[in-house]
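Both backbone and side-chain heavy atoms feed into the values below; hydrogens, waters and symmetry mates do not. Computed from a prediction, not measured in an experiment: that's the story for all the values here.
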Amino acid sequence: MFIKEKERIPLSRFWTSRYLLTLCIGLIVIAILSALWIRHTTLENRLHIMELLTEDMANQITNTGEIGPHPDGEGGFPERRHWMDLESDPFVYIIKSDGQIVSSNRPMGPLENQVKKEWIQSETSVQKRKLGENNTYFYLIKAPIAVDEDTVGWVMMVESENVLAKVKQEYTLLAIMIISLALLGWVAIYLLTRRLSRPIKEVAQAARRVQDGDYRIDLPENSKEEEVYELVSSFKDMANRLEQLESLRTQLLAGVTHELKTPVTSINGLLQAVNDDVVTGDEAKEFLAISLKETEKMRTMVEDLLAFNSFAANAVPLSREQVNVNDVVKNIVYHWSISQEEENMETRVSFLESAVQLEVDVIRLEQIITNLLNNAMQAMQAGEIQVNLSSDTNNVFIDIEDNGPGIPFEEQLFIFERFYRGEGKKYKTRGLGLGLSLSKMIAQAMNGDLCLKQSSDTGTIFRISLPK
């Protein structure tokens, strides 16, 4: 049974659609809250205006002393609602103190001919009541008509809640604003997503090219976004490193093949000569001795390969013991010196002032130091190798220094890569290029490290770090 792979969505469409959905939901919520707020505010403002109008009309009636029709307008109702920004035309009633309607601005209205006494006696000037056959909510706004401090009647305005809360222009402006914000937000996220997705898409295309073996990557590094710049820059560095390692791998494969093929060819020729009686006697013995020497070299290279693979797989146990670092280094350097045939090579050792005990595998430490001493000797025709011991609070350092021509700067980054051999050493010294990488692995297995401390045209210093 196969699981259907989910369809992948382009980054620009993915983020744009989700942002637009989120934006729309947010704007809808804002629009609803804003509409409710506008409705509430509009209702409050219009009720306040109606209060002012009723008070104004009550004062006019009080000043004239008449409750009936007034010559300023039909039924005594002056047109002030326009300059007071009241868009509706509410019902206006002049009511006696007993609730009888004296006059109104329109013949028909929700109060009909009588006003309930509880409405008049209520202390609030603004009341919300259900009126009419449909039980529609109406607001009643009243103002007293007083003569000699006695209330002789009331001016009452009546308008339905729906009419008072009805808003057109504000809702239109709100809709325009919400739609504009939605469009502006969509355009902004679309442009930003395109800007961010472009370098990611370019990196993805470059990754496919690297996967196909094409390491010639040309990606722009002019992005102002720090994260995008780091992504592009890191990918280009990775592609360049992969290209170098791929080239190195090809060269190393050829080098390893050559290093193993050469002694096999030599041994085959020598043994063939002995077998065919081309050489006899002492000369045949010499041929056999040379064959044994070449066999020993092959055995050493194979052992290096096996040791490297074992350490790479963390399959080699270490035999640790407490030792005096001065004594151990002294013995290692001495044993190496007496085995060398070079007469123009001198080795000096600078010890720690006080004895320091380390927990190390002596055989593996000797393997590291011997390899570094051999490399130093191969780097010089003649000169001096200096072994210096130093320490700090937590570590002991063993520096192996030579006065050779140094390691070229462009090769220093790769010297600890497996099978790597520099140009100056590739054609002079036979080997697989595993010495430094294996030595670094051994040092790290003992919780230490091996690094290139310094290299110039005046010499090279390698440092072994071991924890106290």
Side-chain angles (χ1 to χ4, degrees), residues 248 304 307-308 311-312 318 323 325-326 328-337 339-340 342 345-352 356 358 360-392 394-426 428-468:
L248 177 61
D304 286 345
F308 179 84
F311 271 96
L318 295 178
V323 295
V325 65
N326 283 340
V328 169
V329 173
K330 180 180 179 181
N331 292 333
I332 292 173
V333 174
Y334 174 75
H335 292 155
W336 178 83
S337 299
S339 65
Q340 303 306 313
E342 299 289 339
M345 193 71 61
E346 185 177 358
T347 305
R348 297 180 182 273
V349 183
S350 174
F351 298 103
L352 295 174
V356 175
L358 296 181
V360 296
D361 187 322
V362 177
I363 296 176
R364 296 300 181 182
L365 179 59
E366 181 177 4
Q367 188 176 352
I368 299 174
I369 296 176
T370 300
N371 180 58
L372 294 176
L373 291 173
N374 288 333
N375 289 347
M377 182 184 67
Q378 293 167 5
M380 302 183 297
Q381 297 296 329
E384 178 181 283
I385 299 175
Q386 183 73 35
V387 180
N388 299 318
L389 276 72
S390 60
S391 66
D392 60 12
N394 301 315
N395 299 284
V396 171
F397 305 108
I398 305 173
D399 294 341
I400 288 85
E401 178 180 357
D402 64 60
N403 55 8
I407 301 172
F409 178 77
E410 61 274 9
E411 295 181 3
Q412 293 180 14
L413 185 64
F414 304 100
I415 58 174
F416 291 106
E417 293 290 343
R418 61 193 71 181
F419 302 111
Y420 180 77
R421 302 182 69 200
E423 292 296 327
K425 196 174 181 181
K426 186 181 300 183
K428 294 181 180 179
T429 308
R430 292 174 58 182
L432 296 177
L434 289 174
L436 287 176
S437 56
L438 179 58
S439 297
K440 188 175 183 70
M441 282 187 176
I442 295 173
Q444 292 175 344
M446 293 189 292
N447 299 323
D449 199 6
L450 171 64
C451 64
L452 176 63
K453 181 180 179 183
Q454 176 184 332
S455 185
S456 63
D457 55 1
T458 60
T460 300
I461 303 176
F462 280 93
R463 166 165 285 187
I464 305 170
S465 303
L466 296 171
K468 289 183 178 179

[X]: what forms a side chain to side chain contact (heavy atoms under 4.5 Å, CB included) with it, not counting sequence neighbours?
X      : result
Glu401 : Gln386, Asn388, Ile461
Thr458 : Ser456
Ser465 : Phe397, Arg463
Asn326 : Asn324, Phe351, Leu352, Leu389

Taking side chain as C-beta onward, heavy atoms only, is [X] less than 4.5 Å from [Y]?
X      : Y      : answer
Lys440 : Asp449 : yes
Leu373 : Val387 : yes
Leu466 : Leu365 : yes
Gln367 : Ser439 : no
Phe462 : Leu436 : yes
Arg348 : Ile385 : no
Ile398 : Ile368 : no
Asn447 : Pro467 : yes

- Query: Taking only residues two or more places apart in sequence, or in another chain, which ones meet Lys453 in a salt bridge (Lys or Arg N to Asp or Glu O under 4.0 Å)?
  - Reply: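 Lys453: salt bridge (Lys or Arg N to Asp or Glu O under 4.0 Å) contacts with Asp399.
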
- Check: Ser455 side chain, Ile407 main-chain N or O, donor-acceptor pair, under 3.5 Å: yes

- Message: Keeping Lys330 on the side-chain end and Val325 on the backbone end, is there a donor-acceptor pair under 3.5 Å?
- Response: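 Checking the backbone N and O of Val325 against the side chain of Lys330, no donor-acceptor pair under 3.5 Å is found.
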
- Item | Val328 vs Val360, side chain to side chain contact (heavy atoms under 4.5 Å, CB included): CA-CA, chis, key distance, verdict | CA-CA 10 Å; Val328 169; Val360 296; 5.7 Å; no

- Message: Pair Asn395, Lys468 - check side chain to side chain contact (heavy atoms under 4.5 Å, CB included), show working.
- Response: CA-CA 5 Å; Asn395 299 284; Lys468 289 183 178 179; 5.8 Å; no

- Query: Atom CG in Asp402, atom CE in Met377: separation rounded to 0.5 Å?
  - Reply: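 Nearest 0.5 Å value for the CG-CE distance: 11.5 Å.
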
- Roughly how far apart are Ile332 CD1 and Leu372 CG, rounded to 0.5 Å? 11.0 Å

- Sorted by chain and residue number, the side chain to side chain donor-acceptor pair (under 3.5 Å) partners of Asn331 (sequence neighbours excluded) come out as none

- Identify whether the distance between the nearest side-chain nitrogen and carboxylate oxygen of Arg364 and Glu366 falls below 4.0 Å. no

